[in-house]
A.B. asks: 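I have a structure I would like to understand better, so I am pasting it below and will then ask my questions one at a time.
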Amino acid sequence: MNNQSYNKKEKGYSIKRIDAKETHQVRHPVLRGGKPIESCVFDGDNLDTTIHLGLFVKDKLIGVCSFLKNNHDLISETSQYQLRGMAILKAFQNYGFGKAILNYGELYLKNEGTNTIWCHARKIAVNFYKKNGYQIIGTPFNIKDIGLHYIMYKTL
């Protein structure tokens with residue numbers, strides 16, 4: 001399936017919880033291209049408190065995001081989750097799927113009593129997060145072999 005075969009107005013997608021290993025098929029090409037598949041395994045992926053979401057179009061996994069129970073020192077709220085590994089396959093980007101899976105995760109966590117979500121946003125993703133209500137906190141930093149990142153957060 002390519003960009004042209006998906007109609008943005010079509011509602012043929014679903015979002016559900018998936019396991020950590022399933023995230024690798026989207027994390028790898030989008031976030032870790034050219035690196036070993038093992039680079040898609042994140043610390044905390046298999047904790048009971050970690051939530052992995054998958055977005056499916058016609059039964060094909062095209063988007064993922066993970067939420068890890070983790071507090072950041074720059075954020076005072078006590079009930080925090082860290083967003084990690086957010087990725088939509090390239091052919092499906094700019095159709096609103098990122099916003100859909102992010103909103104789903106935010107609502108789920110808010111209903112569970114979470115106050116704040118934060119992430120390490122790549123420079124190219126900062127505008128996406130700003131459009132979805134996230135703010136930059138602290139100073140930018142570099143992650144080796146990946147690039148410039150910003151700490152961004154949203155109070156739910």
Side-chain angles (χ1 to χ4, degrees), residues 13-33 35-57 59-90 92-93 95-156:
Y13 73 86
S14 62
I15 300 170
K16 64 182 180 181
R17 286 187 74 161
I18 60 175
D19 67 41
K21 192 169 175 105
E22 289 177 280
T23 66
H24 302 175
Q25 62 190 292
V26 178
R27 281 181 184 173
H28 192 249
V30 178
L31 302 174
R32 298 291 194 263
K35 293 178 176 44
I37 193 76
E38 296 78 25
S39 70
C40 295
V41 177
F42 297 162
D43 288 341
D45 267 353
N46 293 314
L47 295 174
D48 290 340
T49 54
T50 299
I51 300 156
H52 301 285
L53 299 176
L55 189 146
F56 295 81
V57 170
D59 298 321
K60 176 182 171 56
L61 180 62
I62 63 101
V64 297
C65 66
S66 300
F67 296 93
L68 291 82
K69 187 156 186 55
N70 189 16
N71 286 5
H72 196 286
D73 295 341
L74 294 177
I75 301 168
S76 61
E77 286 85 1
T78 55
S79 181
Q80 302 176 33
Y81 264 78
Q82 180 183 5
L83 169 62
R84 292 202 66 195
M86 172 128 179
I88 304 294
L89 292 176
K90 188 170 179 68
F92 294 90
Q93 292 177 5
Y95 287 101
F97 293 123
K99 180 179 179 66
I101 197 169
L102 182 61
N103 289 346
Y104 184 97
E106 290 172 352
L107 183 59
Y108 178 88
L109 288 171
K110 183 176 182 176
N111 288 337
E112 293 294 312
T114 301
N115 296 327
T116 304
I117 296 174
W118 64 274
C119 65
H120 291 162
R122 293 173 185 227
K123 184 177 180 180
I124 62 168
V126 167
N127 284 337
F128 167 80
Y129 288 114
K130 281 184 176 179
K131 287 178 189 174
N132 285 283
Y134 286 72
Q135 304 172 57
I136 293 174
I137 189 171
T139 57
F141 59 98
N142 195 50
I143 296 179
K144 186 178 189 258
D145 299 326
I146 298 175
L148 190 64
H149 283 69
Y150 295 80
I151 300 163
M152 298 189 78
Y153 75 99
K154 180 177 183 176
T155 302
L156 301 178

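If you're wondering where the values come from, they're calculated on a predicted model, not measured in any experiment.
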A.B. asks: I'd like to know whether Phe97 forms a ring pair (Phe, Tyr, Trp, His ring centres under 6.0 Å) with Tyr13, so could you lay out the CA-CA distance, the side-chain angles of the two residues, the decisive distance to 0.1 Å, and finally the verdict.
C.D. replies: CA-CA 9 Å; Phe97 293 123; Tyr13 73 86; 5.7 Å; yes
A.B. asks: Could you measure the distance from the CZ atom of Arg122 to the NE2 atom of His149? Nearest 0.5 Å is fine.
C.D. replies: 5.0 Å
A.B. asks: Mind running side-chain contact (heavy atoms from CB on, under 4.5 Å) on His72 and Gln80 for me, showing each step along the way?
C.D. replies: CA-CA 8 Å; His72 196 286; Gln80 302 176 33; 3.9 Å; yes
A.B. asks: Where is the tightest heavy-atom contact between Leu89 and Val30, given as atom of each residue plus distance?
C.D. replies: CA-CG2, 3.9 Å
A.B. asks: Can you list the steps and then say if Leu68 with Thr49 is a side-chain contact (heavy atoms from CB on, under 4.5 Å)?
C.D. replies: CA-CA 7 Å; Leu68 291 82; Thr49 54; over 6 Å; no
A.B. asks: Can you name the closest pair of heavy atoms from Gly44 and Thr50 and give their distance?
C.D. replies: O-OG1, 2.6 Å
A.B. asks: So does Asp59 have more than 12 non-hydrogen atoms from other groups sitting under 6.0 Å from CG?
C.D. replies: no
A.B. asks: As a quick check of understanding, evaluate side-chain contact (heavy atoms from CB on, under 4.5 Å) for Val41 and His24, giving each step before the final call.
C.D. replies: CA-CA 7 Å; Val41 177; His24 302 175; 3.5 Å; yes
A.B. asks: Do Met152 and Phe128 pass the side-chain contact (heavy atoms from CB on, under 4.5 Å) test, and can you show the C-alpha distance, the side-chain angles, and the key distance before you say yes or no?
C.D. replies: CA-CA 11 Å; Met152 298 189 78; Phe128 167 80; over 6 Å; no
A.B. asks: List the residues meeting side chain to side chain donor-acceptor pair (under 3.5 Å) with Tyr81, not counting sequence neighbours, and say none if there are none.
C.D. replies: none
A.B. asks: Does a sphere of radius 6.0 Å around CG in Asp43 hold more than 12 heavy atoms from other residues, nucleotides or ligands, not counting ones at 6.0 Å or beyond?
C.D. replies: no
A.B. asks: Report yes if some heavy atom in the side chain of Tyr104 is under 4.5 Å from a heavy atom in the side chain of Leu102; otherwise report no.
C.D. replies: no
A.B. asks: Which heavy-atom pair separates Asn46 from Ala20 by the least distance, and what is that distance?
C.D. replies: OD1-CB, 3.5 Å
A.B. asks: Measuring only between side-chain heavy atoms, which start at C-beta, is Leu83 closer than 4.5 Å to Trp118?
C.D. replies: no
A.B. asks: Going by an N to O cut-off under 4.0 Å, is there a salt bridge joining Arg27 and Asp45?
C.D. replies: yes
A.B. asks: For the atom pair OG1 (Thr114) and CD (Glu77), what is the distance rounded to the nearest 0.5 Å?
C.D. replies: 11.5 Å
A.B. asks: For Ser79 and Gly113, which heavy atoms make the closest approach, and how far apart are they?
C.D. replies: OG-O, 3.1 Å
A.B. asks: Checking Lys123 against Tyr150: charged group under 6.0 Å from the ring centre and within 45 degrees of the axis?
C.D. replies: no
A.B. asks: Who pairs with Asn70 by side chain to side chain donor-acceptor pair (under 3.5 Å), at least two apart in sequence or on another chain?
C.D. replies: Gln82
A.B. asks: What distance do Ser66 atom OG and Ile51 atom CD1 have between them, rounded to the nearest 0.5 Å?
C.D. replies: 9.5 Å
A.B. asks: To the nearest 0.5 Å, tell me how far Ile18 CD1 sits from Leu61 CG.
C.D. replies: 5.0 Å
A.B. asks: Atom CE of Met86 and atom CD1 of Ile101: how far apart are they, to the nearest 0.5 Å?
C.D. replies: 6.5 Å
A.B. asks: Could you tabulate the donor-acceptor pairs under 3.5 Å formed by side-chain atoms of residues 136-144, not counting sequence neighbours?
C.D. replies:
from   : atom 1 : to     : atom 2 : distance (Å)
Asn142 : OD1    : Leu148 : N      : 3.3

A.B. asks: Look up atom CG in Leu107 and atom CD in Glu112, then write down how far apart they are to the nearest 0.5 Å.
C.D. replies: 10.5 Å
A.B. asks: Could you tell me which residues satisfy side chain to side chain donor-acceptor pair (under 3.5 Å) with Tyr108, sequence neighbours excluded, listed by chain and number?
C.D. replies: Arg17
A.B. asks: Run the ring pair (Phe, Tyr, Trp, His ring centres under 6.0 Å) test against His52 and tell me which residues pass, sequence neighbours left out.
C.D. replies: none
A.B. asks: With sequence neighbours left out, what residues match Phe67 under ring pair (Phe, Tyr, Trp, His ring centres under 6.0 Å)?
C.D. replies: none
A.B. asks: Answer yes or no: are there more than 12 heavy-atom neighbours, outside Lys21 itself, under 6.0 Å from its atom NZ?
C.D. replies: no
